[in-house]
Colleague: 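Sending over a structure as structure tokens; questions will come in a sec.
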Amino acid sequence: DVKVTQSSRYLVKRTGEKVFLECVQDMDHENMFWYRQDPGLGLRLIYFSYDVKMKEKGDIPEGYSVSREKKERFSLILESASTNQTSMYLCASSFASEKLFFGSGTQLSVL
Amino acid sequence: GQSLEQPSEVTAVEGAIVQINCTYQTSGFYGLSWYQQHDGGAPTFLSYNALDGLEETGRFSSFLSRSDSYGYLLLQELQMKDSASYFCAVRDRTDSSYKLIFGSGTRLLVRP
């Protein structure tokens with residue numbers, strides 16, 4: 001079975017802190033994605049990567065950056081966390097298909 | 001740009017049939033997917049339609065009409081465990097790859 005692992009289930013940070021959310025997949029997938037999920041808004045794409053060191057902006061990239069130095073790992077970085085970035089963050093991976101495999105999510109609270 | 005519309009909430013009775021609709025607007029269309037998410041859980045893939053028509057997988061079926069920019073997820077013989085949120089998603093082409101854009105989700109409540 002494909003496994004997508006997010007480093008933290010819950011995270012509490014202070015405004016202005018630099019935050020790293022880590023995601024690792026074990027199926028050699030080409031594509032990796034970061035979404036945030038807020039009530040009533042569904043899943044919104046922040047960034048995605050289709051290859052190592054390649055990245056592309058999603059629909060809401062402002063305030064975020066990403067890093068993909070190795071195929072299996074995709075990191076989401078909040079350079080200076082703000083309260084409006086309090087959300088559930090979901091990482092996903094896929095092999096050039098419609099079938100995304102999601103991690104369990106990281107609930108981030110920025111105080 | 002792209003947009004997807006689906007009802008925010010649907011309620012049905014155990015054993016019944018329910019249909020969750022999705023209409024979409026995209027610059028380029030490559031197919032419609034459906035995902036299920038239980039409270040506190042991760043979204044999981046249910047189905048994908050690239051061509052017009054009905055695709056059946058057990059109790060769940062998914063339908064697509066490309067000419068109407070419309071699809072639906074049909075759940076039969078509803079069970080309590082089907083209570084969850086259901087998301088439709090479309091594949092949108094980018095310069096280098098593709099991305100999957102999700103609707104805001106339909107919360108299905110199955111009552112005894």
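Only a predicted model underlies this, so the values are computations on that prediction, with no experimental measurement involved. Order of the sequence lines fixes the chain letters, A, B, ..., with proteins taken first and strands second; residue numbering starts at 1 for each chain.
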Colleague: Is atom CZ of B:R107 surrounded by more than 12 heavy atoms (other residues, nucleotides or ligands) closer than 6.0 Å?
Modeller: no
Colleague: Do B:I101 and A:R44 touch side chain to side chain, with heavy atoms closer than 4.5 Å?
Modeller: no
Colleague: Hey, any chance B:V10 and B:V110 share a hydrophobic cluster, counting ILVMFWY side chains that come within less than 4.5 Å of each other, even indirectly?
Modeller: yes
Colleague: Check whether any side-chain heavy atom of B:L100 sits under 4.5 Å from a side-chain heavy atom of A:Y35, and report yes or no.
Modeller: yes
Colleague: Minimum heavy-atom separation for B:S104 and A:G40, please, with both atom names.
Modeller: CB-O, 3.6 Å
Colleague: Answer yes or no: are there more than 12 heavy-atom neighbours, outside A:R14 itself, under 6.0 Å from its atom CZ?
Modeller: no
Colleague: Where do A:F102 and B:A42 come nearest, in terms of heavy atoms and distance?
Modeller: CB-CB, 3.9 Å
Colleague: Hey, is the main chain of A:L100 close enough, under 3.5 Å, to the side chain of B:Y35 for a donor-acceptor pair?
Modeller: yes
Colleague: Could you tell me whether A:K57 atom NZ has more than 12 heavy atoms of other residues or ligands within 6.0 Å of it?
Modeller: no
Colleague: Does B:E14, at its CD atom, have more than 12 non-hydrogen atoms belonging to other residues, nucleotides or ligands within less than 6.0 Å?
Modeller: yes
Colleague: Tell me, do A:Y50 and B:K99 make a side-chain contact under 4.5 Å, heavy atoms counted?
Modeller: no
Colleague: Give, as side chain, backbone, both or neither, the part of A:Q37 having an atom under 4.5 angstrom from any heavy atom of chain B.
Modeller: side chain
Colleague: Pick one of side chain, backbone, both or neither for A:L45, based on which atoms fall under 4.5 Å of a heavy atom in chain B.
Modeller: side chain
Colleague: Which answer fits B:Q37, side chain, backbone, both or neither, if we ask what part of it has an atom under 4.5 Å from a heavy atom of chain A?
Modeller: side chain
Colleague: Side chain, backbone, both or neither: which part of B:S8 has a heavy atom under 4.5 Å from chain A?
Modeller: neither
Colleague: Flag yes if A:L108 and A:V66 sit in one hydrophobic cluster, no otherwise; membership is Ile, Leu, Val, Met, Phe, Trp, Tyr, and two members link when side-chain heavy atoms are under 4.5 Å apart.
Modeller: yes
Colleague: Around atom CD of B:Q19, are there more than 12 heavy atoms of other residues, nucleotides or ligands at under 6.0 Å?
Modeller: yes
